[in-house]
Asker: 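Quick one: structure below, then a few questions.
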2 protein chains.
Amino acid sequence: MQAGNLSIGDLGHQTGTKVETIRYYERIGLLSAPARTAGNYRSYTKDHLNRLSFIRRARDLGFSLEQVRALLDLSDDRKRSCSAIDTIAKEHLSEVDRKIADLKALRRELNNMITQCSCGTVADCRIIDSLSP
Amino acid sequence: MQAGNLSIGDLGHQTGTKVETIRYYERIGLLSAPARTAGNYRSYTKDHLNRLSFIRRARDLGFSLEQVRALLDLSDDRKRSCSAIDTIAKEHLSEVDRKIADLKALRRELNNMITQCSCGTVADCRIIDSLSP
DNA sequence: GCTTGACCCTGTAGTTGCTACAAGGTGCAT
DNA sequence: ATGCACCTTGTAGCAACTACAGGGTCAAGC
């Protein structure tokens with residue numbers, strides 16, 4: 001493998017992604033096909049690493065692959081009009097805010113359980129209430 | 001439908017869940033089978049509504065069904081030892097903290113894009129960097 | 001009281017997003 | 001030159017829905 005470039009296994013290790021998943025992202029056009037070595041091995045750059053890391057973390061946050069694609073397009077598509085970027089970004093922003101609020105409520109309940117446990121009491125668990133309507 | 005009780009469609013509307021998905025959760029034992037009306041319709045209670053709301057929002061936050069099951073068990077299983085609850089809750093807590101941090105970074109970048117857009121400039125987009133290694 | 005339409009039922013097949021092989025090639029160390 | 005860890009394509013399976021098909025229920029309106 002050439003200096004500065006990464007094998008598919010390297011990329012997998014550094015992002016916590018299975019090799020098969022990386023090839024799957026390439027197949028569906030989410031991650032661009034990298035250069036190949038003489039022996040037909042995929043040879044990735046730092047850009048691929050950053051992009052894959054973004055994809056994985058956005059997925060972990062509950063965004064669908066199509067939403068991830070839209071977020072990546074915000075970054076890629078220089079031809080897109082400013083107002084379009086603005087609209088899409090604002091949509092995602094409100095979704096992100098909602099998720100942060102939900103996670104904070106869940107966090108509070110988990111924390112309650114831990115502190116109650118360590119002081120020996122088992123008070124009523126309100127974990128379901130934390131994410132109820 | 002009896003007073004105070006909910007049809008599967010009501011439950012779907014109030015939680016943003018497809019009817020088929022609710023039946024799927026029942027089939028895999030995530031949501032308990034409700035009482036039936038004379039006409040064999042499912043008749044849900046407020047408890048079902050709260051539990052389903054929790055499931056949907058936890059799924060939206062990127063937890064797997066098995067993780068959701070574990071979180072619900074924390075609330076259900078009164079026989080579980082305090083130290084077990086403590087361990088599981090702490091694991092989930094650190095994952096929740098990581099997700100909050102990632103969402104805040106993403107939020108910051110989306111916000112940057114919006115403010116840049118509204119003042120007419122199109123500076124370099126750093127959205128990918130926000131969730132890079 | 002009978003029809004119409006919105007809802008519900010079970011069952012099964014399809015989609016998304018991976019994940020796990022199988023069968024074989026590459027490349028470096030001993 | 002022979003392991004061994006890694007890579008290749010291809011296909012099949014799994015998780016978590018999602019979308020029918022084919023039929024039953026029920027309240028509203030004529």
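Below, read A as the first sequence line, B as the second, and so on, with proteins coming before strands; counting in each chain starts at 1.
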Asker: Both B:Gly39 and B:Leu65 contact DNA chain D. Taking the nearest nucleotide for each, which residue is further toward the 5' end?
Answerer: B:Leu65
Asker: Looking at B:Tyr41 and D:dG24, is any side-chain donor or acceptor paired with a base atom of the opposite kind under 3.5 Å?
Answerer: yes
Asker: To the nearest Å, how far apart are A:Phe63 CZ and C:dT16 C1'?
Answerer: 18 Å
Asker: Once you round it to whole Å, what is the distance between P of D:dC7 and CZ of A:Arg36?
Answerer: 12 Å
Asker: State which residues pass salt bridge (Lys or Arg N to Asp or Glu O under 4.0 Å) with B:Glu20; sequence neighbours excluded, sorted by chain then number.
Answerer: none
Asker: Within less than 4.0 Å of OP1 or OP2 of C:dC7, is there a side-chain N or O belonging to B:Arg42?
Answerer: no
Asker: For DNA chain C, whose closest nucleotide is more 5', that of A:Asn40 or that of A:Ile28?
Answerer: A:Ile28
Asker: Taking N or O atoms only and anything under 3.5 Å, show me the protein contacts with nucleotides 19-24 of chain C, one pair per line.
Answerer:
none

Asker: In chain order, what residues pass the side-chain contact (heavy atoms from CB on, under 4.5 Å) check against B:Arg51, with sequence neighbours excluded?
Answerer: A:Ile128, B:Leu31, B:Leu72, B:Asp76
Asker: Whole angstrom is fine here: how far is it from CG in B:Leu6 over to P in C:dC8?
Answerer: 11 Å
Asker: From CD1 of B:Ile8 over to P of D:dT18, roughly how many Å is that when rounded to an integer?
Answerer: 14 Å
Asker: Measure CD1/B:Ile22 against P/D:dA16 and give the value in whole Å, please.
Answerer: 17 Å
Asker: Rounded to whole angstroms, how far apart are CD1 on B:Ile55 and C1' on D:dA15?
Answerer: 16 Å
Asker: Taking only residues two or more places apart in sequence or in another chain, which ones pass side chain to side chain donor-acceptor pair (under 3.5 Å) with B:Glu26?
Answerer: B:Arg42
Asker: Within the distance-only criterion (no hydrogens, no angle test), does the side chain of B:Gln67 pair as donor or acceptor with the backbone N or O of B:Ser64 below 3.5 angstrom?
Answerer: yes
Asker: Which pairs pass salt bridge (Lys or Arg N to Asp or Glu O under 4.0 Å) with one or both residues in residues 61-72 of chain B, sequence neighbours excluded?
Answerer: B:Glu66-B:Arg69
Asker: Can you name the residues that form a salt bridge (Lys or Arg N to Asp or Glu O under 4.0 Å) with B:Asp60, not counting sequence neighbours?
Answerer: A:Arg98, A:Lys99
Asker: Check for a donor-acceptor pair, side chain of B:His48 on one end and backbone N or O of B:Thr45 on the other, with a separation under 3.5 Å.
Answerer: yes
Asker: Between A:Thr37 and C:dT26, is there a side-chain N or O to OP1/OP2 distance below 4.0 Å?
Answerer: no
Asker: Give a yes/no on whether any side-chain N or O of B:Arg59 is located under 4.0 angstrom from OP1 or OP2 of D:dA16.
Answerer: no
Asker: Would you mind reading off the bend of the helix from C:dG17-D:dC14 to C:dT30-D:dA1 from its two end axes, five pairs each, to 10 degrees?
Answerer: 20°
Asker: Quickly work out the B:Glu26 CD to D:dA16 P distance and round it to whole Å.
Answerer: 17 Å
Asker: With sequence neighbours excluded, tell me which residues meet salt bridge (Lys or Arg N to Asp or Glu O under 4.0 Å) with B:Arg23.
Answerer: none
Asker: A:Lys90: what forms a salt bridge (Lys or Arg N to Asp or Glu O under 4.0 Å) with it, not counting sequence neighbours?
Answerer: A:Asp86
Asker: Tell me the interatomic distance from A:Asp60, atom CG, to C:dC18, atom P, rounded to whole angstroms.
Answerer: 11 Å
